[in-house]
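Read through the structure below, which is laid out as structure tokens, and then see the notes.
Here is the naming used below: chain letters follow the sequence lines, and residue numbers restart at 1 for every chain.
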Amino acid sequence: MNAPRSEFLKVLTERGFIHQTSDFEGVDAAALENRLTTYVGYDCTGPSLHVGHLLSIMMLHWLQKTGAGKPITLMGGGTTRVGDPSGKDESRKLLTVEQIEDNKNSIKTVFSRFISFGDGKTDATMVDNAEWLTKLNYIEFLRDVGRHFSVNRMLSFDSVKLRLDREHELSFLEFNYMILQAYDFVELNKRYGCVLQMGGSDQWGNIVNGIDLGRRLGTPQLYAVTCPLLTTASGAKMGKTASGAVWLNADMLSPYDYWQFWRNTEDADVGRFLKLFTLLPMDEIAKLGSLQGAEINEAKKVLATEATALLHGREAAELAAETAQKTFEQGELAESLPTIEVPSNILKEGLGVLTAFGPDYAKLVPSSSEARRQVKSGGLKVNDQTVSDERASLGMSDLTSEGVIKLSFGKKKHVLLRAV
RNA sequence: GGGGGAAUGUCCCGAGCGGCAAAGGGGGCGGACUGUAAAUCCGCUGGCUAUGCCUUCGUAGGUUCGAGUCCUACUUCCCCCA
């Protein structure tokens with residue numbers, strides 16, 4: 001792999017986005033000529049994307065910023081009805097068409113934070129593969145596209161092999177997923193002149209299938225670029241918190257919690273994440289990354305604020321930083337912590353601690369039983385006092401002078417109950 | 001087509017003479033130590049209106065006071081013989 005000549009690949013390479021490329025020089029050349037129309041596909045399996053998707057979104061961001069080409073965000077309105085078997089042990093429950101539509105609309109909102117849409121040459125476009133996939137005619141499709149796929153070869157792909165090796169069911173429906181994704185690539189080439197597909201490294205096989213299909217169907221040369229699968233330095237899959245995935249939609253995960261997620265990055269990951277998830281110049285990142293010992297906390301704060309600012313805006317990021325500073329460094333009560341409203345008449349009657357921490361109110365623990373266990377191990381606090389009696393109840397007298405009750409789970413997770 | 005084996009706690013792997021909320025790991029969570037880090041050590045790891053009740057061992061029935069455990073059928077997978 002020679003040094004890239006295009007700004008686009010230079011940025012991607014030095015920031016650590018690239019896992020594999022099908023033809024580095026080819027992509028480089030297309031980027032130099034600013035004709036690197038590129039797509040990334042997003043399934044509509046959930047109501048929000050999560051940090052795992054962020055890498056590919058950032059790649060589209062750089063694509064646009066360096067002027068290398070036009071970004072296309074492909075919503076998998078059609079493919080989600082089939083379900084990608086990659087990396088999963090079991091097939092997902094089939095989502096209804098309505099659910100998929102809802103998810104799609106909810107997911108869509110995030111992209112405009114990172115790339116700008118419009119009609120200009122490098123403005124991004126959003127398309128939905130339901131547009132063409134739902135209109136396919138089975139027999140025609142088999143004859144035109146299906147004949148180019150070898151089942152022998154399909155069986156050798158990891159996404160399929162994993163299921164077979166583990167003796168798990170793989171339905172014919174899912175087996176078709178890679179064919180549809182390959183077809184998407186070709187279709188996007190025809191419609192938009194798209195020549196590059198990017199995605200996570202688990203998508204490599206699917207993307208290469210698209211390139212092969214394109215060659216057989218006579219498209220210009222297509223390319224693949226994949227980014228590494230995100231793991232933390234200690235090997236854990238990245239993107240999970242106590243309360244689930246690290247969502248990108250603000251209504252699924254507050255900017256404060258999002259900031260916290262980045263703030264808790266492992267030491268060894270700080271430099272890498274700054275390169276991937278912020279737009280800070282490389283020399284500044286190098287400076288931050290070289291901090292040692294406790295000083296590295298400063299770099300983590302920068303990472304948290306910059307990453308949050310990208311997604312939720314500068315103002316929300318700084319508020320989150322400030323909230324964290326009050327809560328963690330000054331030990332004060334920050335009123336900007338995530339807040340749950342509780343009708344005052346419920347407080348007057350007394351609200352059981354277990355219930356208050358549970359899924360009906362603070363949502364800090366998933367069940368009363370879990371709350372009970374946490375009381376035993378000293379993990380729950382009310383107004384910074386460890387809860388020792390699981391039968392205690394919260395009342396109006398627990399309200400602080402600010403009119404709230406601070407509930408804490410562990411050392412890091414805090415929620416305010418506010419009487420209304 | 002015939003014969004033999006397997007499916008376990010809805011994160012994963014995996015023990016389980018008929019008395020089982022079910023051994024042991026991994027992962028996760030909490031506590032201690034720290035720097036809101038890692039490593040290490042300790043505890044927890046089905047739900048609930050909770051000294052009790054309810055739901056869990058591929059699916060559906062059956063035997064039994066009692067079934068993850070025995071029987072029958074079905075589903076899926078693996079191995080051997082054709």
Side-chain angles (χ1 to χ4, degrees), chain A residues 87-93 155 160-172 174 231-246 256-274 288-289 291-305 307-308 320-332 334 337-338 349-355 357-360 362-381 384-391 393 407-414:
Chain A
K88 296 183 196 69
D89 275 353
E90 286 164 34
S91 43
R92 258 172 209 284
K93 281 192 285 285
L155 290 175
V160 173
K161 239 173 69 184
L162 180 84
R163 287 281 188 88
L164 296 180
D165 288 351
R166 290 189 176 223
E167 304 175 17
H168 283 294
E169 166 82 7
L170 174 73
S171 69
F172 183 67
E174 296 172 281
T231 54
T232 67
S234 34
K237 222 181 254 175
M238 187 181 151
K240 295 282 178 192
T241 64
S243 38
V246 180
Y256 169 79
D257 287 323
Y258 189 73
W259 193 93
Q260 281 299 319
F261 167 74
W262 293 109
R263 175 62 244 268
N264 285 300
T265 298
E266 293 179 25
D267 285 10
D269 289 324
V270 173
R272 189 160 59 105
F273 287 179
L274 279 167
L288 289 167
L291 294 175
Q292 290 299 315
E295 283 191 334
I296 205 165
N297 280 324
E298 291 310 312
K300 291 185 190 179
K301 287 182 210 166
V302 174
L303 168 65
T305 302
T308 307
E322 193 187 314
T323 305
Q325 199 195 357
K326 275 192 195 164
T327 306
F328 288 95
E329 293 176 27
Q330 294 160 13
E332 292 173 9
L337 283 170
E349 288 166 20
L351 176 62
V353 254
L354 301 180
T355 314
F357 278 91
D360 293 337
K363 300 178 178 61
L364 286 168
V365 293
S367 69
S368 313
S369 297
E370 176 63 19
R372 202 181 313 271
R373 275 180 225 119
Q374 290 302 341
V375 168
K376 286 203 186 83
S377 48
L380 301 186
K381 290 191 185 124
D384 298 318
Q385 298 289 310
T386 303
V387 177
S388 52
D389 179 8
E390 63 182 45
R391 271 170 304 203
S393 74
L407 303 183
S408 311
F409 174 41
K411 277 173 297 209
K412 297 180 188 173
K413 292 173 281 286
H414 311 280

Which part of the nucleic acid, if any, lies within reach of [X] when heavy atoms closer than 4.0 Å are counted: base, sugar-phosphate only, or nothing?
| X | value |
| --- | --- |
| A:Ile296 | base |
| A:Lys300 | base |
| A:Ser368 | sugar-phosphate |

Minimum-distance nucleotide to [X] side chain [options: [options]]:
| X | options | result |
| --- | --- | --- |
| A:Lys411 | B:G35, B:C33, B:U36 | B:C33 |
| A:Ala294 | B:C48, B:U36, B:G35 | B:G35 |
| A:Ser367 | B:G47, B:C33, B:G35 | B:G47 |
| A:Glu266 | B:G30, B:G47, B:A38 | B:A38 |
| A:Gln374 | B:A50, B:C29, B:A37 | B:C29 |
| A:Lys413 | B:G30, B:G35, B:G31 | B:G30 |

Nucleotide paired to [N] in any strand shown, Watson-Crick or G-U, under 3.5 Å:
| N | answer |
| --- | --- |
| B:A21 | none |
| B:C11 | B:G26 |
| B:A39 | none |
| B:C48 | B:G52 |
| B:A73 | B:U59 |

Legend entry - B:C13 glycosidic torsion: syn (within 90° of 0) vs anti: anti
Legend entry - A:Trp259 versus A:Thr305, side-chain donor and acceptor atoms under 3.5 Å: yes
Legend entry - Euclidean distance for P, B:C48 against B:U55 (whole angstrom): 15 Å
